Amino acid sequence: MIRLKLSKAHRMEREQIGGIAMVRLQEGETITTFFVIKEREIKRAANGSEYANFSLQKNDQIIRAKLWDITDEQKGQFLRKAIVKVEGKVGAYRGKWQLTIHRIRLATEDDPITVGDLISKEGVQREELWQDLRYMMEEVTSKTLQSIIKQLYSQKELRERLTTIPASQHYHHTYYAGLLDHIVHVTQSAISLLPLYPNVNKNIVIATCLLHDLGKTETFTEAIAPEYSLEGEYMGHIALSLELVQDAAKEAGIERGNHELLAVKHCIASQYGDTSQGYGSTVSPKTAEAVFFQHIKQLNATLQALESVQEAAHETWTYSPMLKRKVYTNLDKRSKEG
């Protein structure tokens, strides 16, 4: 269990969630807690001394931090993926929280913390999500699409990466098992809404939900501090997803021109909507299934991104990297309720 040690000079707003005290930071507070180092950059100040800029992660929140006058020994210790205990003062810089580090050390075996504790999101249970996904696979009744899904999900390495990596680095579902969480909720949304649209092909949509982001298992290097792989930089996750689906179809003996296969690949290729928007689709949606899928995927990603902004907000209107604009965080109302 992680707890924040707070100075007594200020009141802090607390929410009790699943037994863990979640604290909304306030400017001027001093906190002491554990983080995992997600990114690190060494820079030189005007006076010639070196300092470090860190991106520190605790659950699904990322906070910038600065350590002045970093020593050579500290540069060798405080590397990416290291778990550190930090004492620092909370400030705001360009609308985002920033810590000025007063003290920092590496976590030891005696500290009651693991990297899993720090990169997971409260309430996201990897094993439960995986079981939900397995049940939802049974919603696909097409033998052609069943064979592709089984061919891919039977791969042990793909399953391991799918159930640990985030869905993105900065925009949505950025936490441990975030990709799995995203796929499960998109699929659940589709299953709930499809009865309202009887002319939309259920098999195509559910198969697309299950397959559309599998390329991310090859796009990111790892779960703890993910960076883009060589394949990810060259190809992007849409192209990699299409390759995986096509390879699985070939292994299953499905012809390249199979209509169901083409329909699913089209949904994957057009998942970010019209190409004129510039969000990454390689083709604009041209089928009812592609239009349906694009909107439920975007709904899930956008609402999760907004949730993350709201949880970390210290202003009523806060910038969302995904939406590229300020969004209403409902902070005033939540502060009164607290």
Side-chain angles (χ1 to χ4, degrees), residues 1-2 18 20 34-40 55-62 79-84 107 112-137 149-188 209-233 235-241 243-245 247-248 268 271 297 300-301 304-305 307-308 311 322:
M1 181 180 296
I2 309 169
I20 297 178
F34 291 94
F35 295 98
V36 62
I37 298 176
K38 192 175 179 71
E39 296 175 8
R40 189 197 76 168
S55 288
L56 303 177
Q57 180 172 2
K58 179 175 165 47
N59 305 123
D60 63 332
Q61 300 300 320
I62 307 295
L79 305 173
R80 289 179 64 252
K81 300 189 286 184
I83 299 176
V84 290
I113 196 72
T114 67
V115 69
D117 295 327
L118 293 172
I119 64 176
S120 299
K121 178 179 171 64
E122 179 66 21
V124 174
Q125 300 295 326
R126 172 188 174 191
E127 294 77 12
E128 291 181 8
L129 288 170
W130 174 246
Q131 289 303 318
D132 289 342
L133 195 64
R134 290 183 62 188
Y135 283 122
M136 288 186 287
M137 290 180 192
I149 293 166
K150 289 179 181 178
Q151 181 71 30
L152 285 166
Y153 277 92
S154 64
Q155 299 175 23
K156 183 177 180 181
E157 184 177 353
L158 183 146
R159 289 200 314 270
E160 176 62 26
R161 294 181 63 78
L162 168 70
T163 56
T164 56
I165 63 173
S168 67
Q169 282 185 310
H170 306 293
Y171 295 125
H172 69 95
H173 298 84
T174 57
Y175 43 85
Y176 184 75
L179 177 58
L180 178 62
D181 195 25
H182 173 58
I183 290 176
V184 167
H185 283 90
V186 169
T187 310
Q188 287 175 335
C209 292
L210 296 170
L211 301 173
H212 77 283
D213 265 353
L214 292 190
K216 290 184 177 179
T217 62
E218 297 185 354
T219 299
F220 296 124
T221 55
E222 59 181 335
I224 299 174
E227 293 184 338
Y228 280 94
S229 64
L230 183 63
E231 296 87 349
E233 290 283 10
M235 305 291 290
H237 78 275
I238 289 182
L240 291 172
S241 296
E243 283 189 350
L244 286 173
V245 170
D247 289 346
I268 294 173
Q271 63 182 268
K297 173 186 170 64
N300 177 261
Q304 200 287 320
E307 179 184 317
S308 293
E311 289 176 350
M322 183 172 182

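Just so you know, residue 1 is the first one in the sequence shown, and it goes up from there. Given the structure is predicted, the values throughout are model-derived calculations rather than measurements.
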Novice: State the NZ-OG distance between Lys38 and Ser55, to the nearest 0.5 angstrom.
Specialist: 8.0 Å

Novice: Hey, mind stepping through Leu152 and Leu214 against side chain to side chain contact (heavy atoms under 4.5 Å, CB included) and telling me if it holds?
Specialist: CA-CA 9 Å; Leu152 285 166; Leu214 292 190; 3.8 Å; yes

Novice: Could you check whether any side-chain heavy atom of Leu244 comes within less than 4.5 Å of a side-chain heavy atom of Thr217, counting everything from C-beta outward?
Specialist: yes

Novice: Locate the shortest heavy-atom distance separating Ile165 from Lys216; write the atom from each residue and the value.
Specialist: CD1-O, 3.2 Å

Novice: Could you give the distance from NE2 (His172) to CE (Met322), rounded to the nearest 0.5 Å?
Specialist: 5.0 Å

Novice: In plain terms, say whether Glu222 and Arg161 are close enough for a salt bridge, that is, a side-chain N and a carboxylate O under 4.0 Å apart.
Specialist: no

Novice: Going from CD1 on Ile183 to NE2 on His173, what distance comes out if it is rounded to the nearest 0.5 angstrom?
Specialist: 10.0 Å

Novice: Could you tell me whether the side chain of Gln271 reaches within less than 4.5 Å of the side chain of His237, counting heavy atoms only?
Specialist: yes

Novice: Could you grab the distance from atom CG of Asn300 to atom CD of Gln304, nearest 0.5 Å is fine?
Specialist: 7.5 Å

Novice: I would like to know whether Glu227 and Phe220 meet side chain to side chain contact (heavy atoms under 4.5 Å, CB included); could you show each step before the answer?
Specialist: CA-CA 6 Å; Glu227 293 184 338; Phe220 296 124; over 6 Å; no

Novice: Indicate yes or no: at least one non-hydrogen side-chain atom of Ile119 is less than 4.5 angstrom from one of Gln57.
Specialist: yes

Novice: Compare all side-chain heavy atoms of Val184 with those of Trp130 and state whether any distance is below 4.5 angstrom.
Specialist: no

Novice: What do the steps show when you test Ser229 against Glu233 for side-chain hydrogen bond (donor to acceptor under 3.5 Å, both in side chains), and what is the final call?
Specialist: CA-CA 6 Å; Ser229 64; Glu233 290 283 10; over 6 Å; no

Novice: Regarding Lys297 and His182, is there a side-chain donor-to-acceptor distance under 3.5 Å anywhere?
Specialist: yes

Novice: Answer yes or no: is there a side-chain heavy-atom contact under 4.5 Å between Val36 and Leu56?
Specialist: no

Novice: Quick one: do the Tyr176 and Asn59 side chains pair a donor with an acceptor below 3.5 Å?
Specialist: no

Novice: Checking Thr221 now: which residues fulfil side chain to side chain donor-acceptor pair (under 3.5 Å) with it, not counting sequence neighbours?
Specialist: none

Novice: My understanding is that only residues two or more places apart in sequence, or in another chain, count here; which of them pass side chain to side chain donor-acceptor pair (under 3.5 Å) with Arg159?
Specialist: none

Novice: Glu231 versus Thr219: any side-chain heavy-atom pair under 4.5 Å?
Specialist: no

Novice: About how many Å separate NZ of Lys81 and CD1 of Ile224, when rounded to the nearest 0.5 Å?
Specialist: 6.0 Å

Novice: With a 4.5 Å heavy-atom cut-off, do Glu160 and Gln155 have their side chains touching?
Specialist: no

Novice: Can Lys58 be said to sit on top of Phe35's aromatic six-ring, NZ or CZ under 6.0 Å from centre and within 45° of the ring axis?
Specialist: no

Novice: Quick one: are Thr187 and Leu210 in side-chain contact, heavy atoms under 4.5 Å?
Specialist: yes

Novice: Roughly how far, to the nearest 0.5 Å, is OG of Ser120 from CZ of Arg126?
Specialist: 9.5 Å

Novice: Could you list the residues that satisfy side chain to side chain contact (heavy atoms under 4.5 Å, CB included) with Gln131, not counting sequence neighbours?
Specialist: Arg134

Novice: For Ile83 and Thr114, work out which heavy atoms get closest and say how close.
Specialist: CD1-C, 3.8 Å

Novice: Where do Cys209 and His212 come nearest, in terms of heavy atoms and distance?
Specialist: O-ND1, 3.0 Å

